[in-house]
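What follows is a short report on a single structure.
Each ligand, and each atom within it, is numbered from 1 in the order the structure gives. For this chain, numbers begin at 1 and follow the sequence in order. Just so it is clear, the model here is predicted, and its values are computed rather than measured.
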Amino acid sequence: MSNWAEMDRYLNRTVVQPDDALDAAVENTRNAGMPAIEVTAGQGKFLMLLARIHGARRVLEIGTLGGFSTIWLARGIPDDGTVESCEFEPAHAEVARRNLEGAGVGHKVTVHVGAALDTLPTLTGPYDLFFIDADKANNPEYLEWAVKLSGPGSVIVLDNVVRGGAVLGEGGDDDVRGIRRALEILGTHPRLEATALQTVGSKDWDGFAVAVVN
Ligand code: MG
């Protein structure tokens, strides 16, 4: 039995220090019957720090859910910066908008409702930072769109690239195949320099990939 979840709680209260707005966002998301698949607080703050370190002003997120990672991303950009976030489910987008308002970052965020693959062709780049965390089967397409909507130095983050090791081997469902294909693209794309890191914590064993656009 691992202590990963307990260690996450310790790190949250000692270092990350999430606040009431973030706790409320998670609670609202649960109360709306939405899945508990948002990033951890530590991962969310990593996204915020990445945005700040990079000096990001325009962020594109694919997969809003309840807006938990969206809040963190919005906190990592200046007040006149923007986060655009694509969400398939109208009900999820509604919860996210309330959570974003509750966290005081609603003015920085636009939630686009609909299939991301329909929304992405309507957007105008370049974005400084991308966070791809939606249905994994479409990860290869999302990644290609991110590259299209990027500029030199843009940063792309993909979540859930390990899935408890399910990505190993050659089988798996459409999601696992989508993750594997996206990792292959990250490793070979002429415009991308990428790495992937494994994580453990309250969401068990998973990982994320980070790429910079050349
Ligand atoms: Mg995720």
Pair Asp159 + Lys136: basic N to acidic O under 4.0 Å: no
Taking atom types as modelled, is there a side-chain donor on Glu87 or His112 under 3.5 Å from an acceptor on the other? no
Side chains of Asn31 and Asn28: is there a donor and an acceptor less than 3.5 Å apart? no
Polar protein atoms near the Mg ion (ligand 1) [N, O or S; cut-off under 2.8 Å]: Asp133 OD1, Asp133 OD2, Asp159 OD2, Asn160 OD1
Will you find, in the side chains of Ser69 and Glu61, an N or O donor that is under 3.5 Å from an N or O acceptor? yes
Result of checking Ile71, Ile77, Val105 against Val83 for side chain to side chain contact (heavy atoms under 4.5 Å, CB included): Ile77
By ring pair (Phe, Tyr, Trp, His ring centres under 6.0 Å), which residues pair with Phe130, not counting sequence neighbours? Tyr127
